[in-house]
Amino acid sequence: MKSLEELKAIRERMQGQVGMRSADSNQTRVVVGMATCGIASGARPVLNTLAQLVQEKGLKNVAVTQTGCIGLCQYEPIVEIYAPGKEKVTYIKMTPEKAKEVVEQHLERGLIVSKYTLQNVDL
Amino acid sequence: MMPEIAMSVLDIAQNSIRAEASLIGISMEADHKTDTLTVVITDDGCGMTPEQVAQVEDPFFTTRTTRKVGLGVPFFKQAALAAGGSFRIQSEVGKGTTVTAVFRLDNIDRMPLGDLSGTLHTLITFNPDRDFLCEYRVDGRGFTLDTRQFREILGGVPLDEPEVSQYVREYLEENIRETNGDAQI
C-alpha cells in the first residue's frame, strides 16, 4: 500500500509556492459536461486526459473544470473552450484521443480543430 | 445504462455535490462468500422529502431545467436489479442522503466495477472544496482514503495541486490493485 509519508514530502516541497493559480481574466477555461449524459458517453476519461495533459505541458493559463448537463445530450461528451476575448468553441462527441489533439492544436497553438466542433461535425 | 458501476458512482456523487454536501462517503465492498458487491454513497447534503425520494427513481423526474429527464438514479437502480441485487435510498431533509445498491457479484448481468480510481480521482481533485471518505474492500482486505486526513497532512496545499493530484491518482491505483489481488471485480 502506498504510504502517506510521500504526501508529507509533497507538503514540504510545495509549501510557500502554492496559490499561484488564481483565476484571472487571461485564463482560458476548458469545461467538460459531467452529468449522466456526459458520464455515460465517456466524459470521465476525456476530462482526466485534458487535466493531465494541461498539467504535463505546464499550460499555466488554462483551467480544466466540469459542469452539469449542457443541454445537448446527444452530442456528449462535450468540451467547451472559453478563451478571453474569443467566441466559445464547442467540441462534441469527444474521446481522449480527440482531447489530446485539442490540447496540442487549440490550447497550445490557438488553432481550432474544426473537424470536431458542433458547427462542423457532419451530424 | 452505464457500462461501468464506477460511472454510476461518479454520477450519483455529483447529486451529493449539487445537494451542497461537505462530506461524501463512498464505500464499495465485494464479498465472494455472500456473493455481493455493496455500494453505498452517503452525504450530509440538503436531503430530500419523502415525496422527492419517491419521485427520484422515476426517469421523468429531475430538478434541473436543461432537460426533462433524470436518469442517474434510474440507471443505478436498473443496474443493481438487473444483477439480482437491491436498491434503496434513505434521505432526510437537512441531514443528507444515503444511496445503497447491492449487486450479485457473480451475476452474469452485473456490470464491471470499471475505473474506480478514475472516478474517485475525478471527484476528489475536481471538487477540492468537498471532503470524501472512500473505502474499498474485497473479502475483508482493502483501504480507506479520507481527504480530511490528507488535508491535515498537506497543511494549506490544495488537493487539486498537480503534484497532489498525481499522488492521489497513484495512491488510488496502487491500493485498488493491491486490494483486488487476483480477483476481478
Side-chain angles (χ1 to χ4, degrees), chain A residues 1-22 30-60 62-74 76-78 96, chain B residues 1-4 6-12 14-15 17-18 62 64-67 69-76 114-115 117-119 121-123 125-127 141-143 145 149-150 152-158 160-175 178-179:
Chain A
M1 298 275 168
K2 206 167 167 67
S3 86
L4 293 170
E5 288 303 315
E6 283 178 59
L7 199 57
K8 285 181 192 148
I10 293 175
R11 175 201 176 153
E12 277 150 28
R13 261 203 316 281
M14 299 302 295
Q15 248 173 358
Q17 45 170 314
V18 292
M20 307 291 288
R21 294 182 304 140
S22 58
V30 179
V31 181
V32 183
M34 290 290 285
T36 308
C37 45
I39 294 168
S41 34
R44 188 191 56 206
V46 170
L47 176 73
N48 288 340
T49 301
L50 287 167
Q52 200 153 11
L53 287 175
V54 164
Q55 260 174 43
E56 276 170 22
K57 293 173 183 290
L59 305 178
K60 295 270 178 260
V62 177
V64 181
T65 58
Q66 54 178 355
T67 187
C69 178
I70 294 166
L72 299 166
C73 308
Q74 64 272 43
E76 293 280 358
I78 296 175
Chain B
M1 186 96 132
M2 293 283 186
E4 299 177 356
M7 287 189 185
S8 274
V9 170
L10 176 57
D11 195 17
I12 299 300
Q14 302 279 15
N15 292 344
I17 289 159
R18 259 169 56 91
T62 180
R64 65 175 58 255
T65 51
T66 47
R67 51 173 156 73
V69 292
L71 291 172
V73 168
F75 274 167
F76 198 29
D115 186 3
S117 61
T119 278
H121 179 260
T122 302
L123 284 167
T125 56
F126 282 94
N127 302 286
R141 55 181 197 274
F143 73 98
L145 189 169
Q149 185 192 13
F150 275 34
E152 202 173 302
I153 294 172
L154 282 166
V157 182
D160 58 348
E161 188 63 32
E163 271 199 67
V164 180
S165 163
Q166 183 65 26
Y167 172 84
V168 170
R169 181 196 306 280
E170 286 166 9
Y171 184 90
L172 288 165
E173 281 172 0
E174 202 173 306
N175 290 356
E178 273 185 47
T179 301

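The basis for the numbers below is simple: all heavy atoms, side chains too, and nothing from hydrogens, waters or symmetry mates. The sequence lines fix the lettering, A, B, ..., with proteins before strands; numbering per chain opens at 1.
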Side chain, backbone, both or neither: which part of [X] has a non-hydrogen atom closer than 4.5 Å to chain A?
X: B:Ser8; value: neither
X: B:Phe75; value: side chain
X: B:Glu170; value: both
X: B:Met7; value: both
X: B:Glu173; value: neither
X: B:Glu174; value: side chain
X: B:Asp115; value: both

Spatial distance of atom [atom1] ([X]) from atom [atom2] ([Y]) [nearest 0.5 Å]:
X: A:Thr36; Y: B:Gln14; atom1: OG1; atom2: CD; value: 9.0 Å
X: A:Lys2; Y: B:Leu145; atom1: NZ; atom2: CG; value: 12.0 Å
X: B:Ile17; Y: A:Gln66; atom1: CD1; atom2: CD; value: 6.5 Å
X: B:Glu163; Y: A:Met14; atom1: CD; atom2: CE; value: 5.0 Å

Work out which heavy atom in [X] is nearest to a heavy atom in [Y]; give both atom names and the distance.
X: A:Leu4; Y: B:Tyr171; answer: CD2-CE1, 4.1 Å
X: B:Phe126; Y: A:Ala51; answer: CZ-CB, 3.8 Å
X: B:Val164; Y: A:Leu7; answer: CG1-CD1, 4.5 Å
X: A:Arg11; Y: B:Leu154; answer: CG-O, 3.4 Å

Considering only heavy atoms, which portion of A:Val64 lies under 4.5 Å from any heavy atom of chain B: side chain, backbone, both, or neither?
both
Would you say B:Glu152 has more than 12 foreign heavy atoms packed within less than 6.0 Å of its CD?
no
Highest number of heavy-atom pairs under 4.5 Å with chain B among A:Glu6, A:Gln52, A:Met34, A:Glu12 belongs to A:Gln52
Which members of residues 38-48 of chain A, sorted by number, sit under 4.5 angstrom from chain B on a heavy-atom basis?
A:Ile39, A:Ala40, A:Arg44, A:Leu47, A:Asn48
Between chain A and each of [options], count heavy-atom pairs under 4.5 Å; write down the option with the most.
options: B:Phe150, B:Tyr167, B:Phe143; result: B:Tyr167
options: B:Ile153, B:Leu10, B:Thr122, B:Thr179; result: B:Ile153
options: B:Asn15, B:Ile12, B:Thr119; result: B:Thr119

Could you list the residues that satisfy side chain to side chain contact (heavy atoms under 4.5 Å, CB included) with A:Leu72, not counting sequence neighbours?
A:Tyr75, A:Ile78, A:Leu118
Does any non-hydrogen side-chain atom of A:Ile10 lie less than 4.5 Å from one of B:Gln166?
no
